[in-house]
S.K.: 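One structure, as structure tokens, below. Some questions next.
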Amino acid sequence: MDQVILFLEWWVWGLAAIILFALEVMVAGFVFLGFAVGAAIVALLLFLGWFGSNLTVLVLIFAVISLLAWFAMRQIFGIRKGQVKVWDKDINDEV
């Protein structure tokens with residue numbers, strides 16, 4: 001039961017956000033950035049004291065914010081409409 005209480009602390013979510021931001025730097029493709037934004041927002045909400053009594057609500061907020069951040073990044077950083085990836089060289093071509 002103590003593990004559940006730990007997830008109600010703002011610094012745990014803040015630490016998770018920092019770790020996820022660091023993982024994003026190491027892994028290309030905006031894989032962890034949405035989750036990092038979600039964890040950072042939950043940490044901020046807990047720090048301000050707006051939420052914190054119900055872990056289910058916090059996880060729901062984390063999931064919704066992460067999904068919205070992912071969609072926003074997809075719009076900002078994704079392939080634009082009509083943009084096509086063109087390959088000039090094939091890995092099997094002779095050097």
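Note that the structure is a prediction, hence the values are computed from the model and not measured.
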S.K.: Drop me the distance from L45's CG to W13's CH2, to the nearest 0.5 angstrom.
M.R.: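 L45 CG to W13 CH2: 10.5 Å, rounded to 0.5 Å.
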S.K.: Verify side-chain contact (heavy atoms from CB on, under 4.5 Å) between L8 and L55, making sure each step is shown before the conclusion.
M.R.: CA-CA 7 Å; L8 298 177; L55 182 62; 4.2 Å; yes
S.K.: Heavy atoms, side chains only, cut-off 4.5 Å: are L33 and M73 in contact?
M.R.: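 Of all side-chain heavy-atom pairs linking M73 with L33, at least one is under 4.5 Å.
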S.K.: Using modelled atom types only, decide if a donor and an acceptor are shared between the side chain of E24 and the backbone of A36 within a distance under 3.5 Å.
M.R.: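 Not at all, since once roles are kept as given, no pair shorter than 3.5 Å links the two residues.
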S.K.: Check residues 58-65 and write down every donor-acceptor pair under 3.5 Å in which the side-chain atom is one partner and the other belongs to a residue at least two apart or another chain.
M.R.:
none

S.K.: Do V37 and W50 land in one hydrophobic cluster if side-chain heavy atoms of ILVMFWY residues count as linked below 4.5 Å?
M.R.: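 In one cluster: yes.
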S.K.: Hydrophobic clusters here meaning ILVMFWY residues chained together by side-chain heavy-atom distances under 4.5 Å, can you tell me if W70 and F21 are in one?
M.R.: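 No; F21 is not reachable from W70 via cluster members.
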S.K.: When rounded to the nearest 0.5 angstrom, what distance separates CG in L20 from CZ in F35?
M.R.: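 Between L20 CG and F35 CZ, I get 8.0 Å after rounding to 0.5 Å.
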S.K.: Linking I/L/V/M/F/W/Y whenever their side-chain heavy atoms sit closer than 4.5 Å, directly or via other members, would W10 and I18 fall into one cluster?
M.R.: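 Result: no, two separate clusters.
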S.K.: Which atom pair, heavy atoms only, marks the closest approach of A43 to G14?
M.R.: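 The answer is CB-N, 3.5 Å.
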S.K.: Please tell me whether V31 and F71 are part of a single hydrophobic cluster in this structure, the criterion being side-chain heavy atoms less than 4.5 Å apart.
M.R.: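 Hydrophobic grouping puts V31 apart from F71.
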S.K.: Please report the closest heavy-atom contact between G38 and S66, naming both atoms and the distance.
M.R.: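 Here G38 and S66 meet closest at CA-OG, 3.6 Å.
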S.K.: Are L46 and L48 joined in one hydrophobic group, where the rule is that I, L, V, M, F, W and Y side chains link up if heavy atoms are under 4.5 Å apart?
M.R.: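 Cluster IDs for L46 and L48 match.
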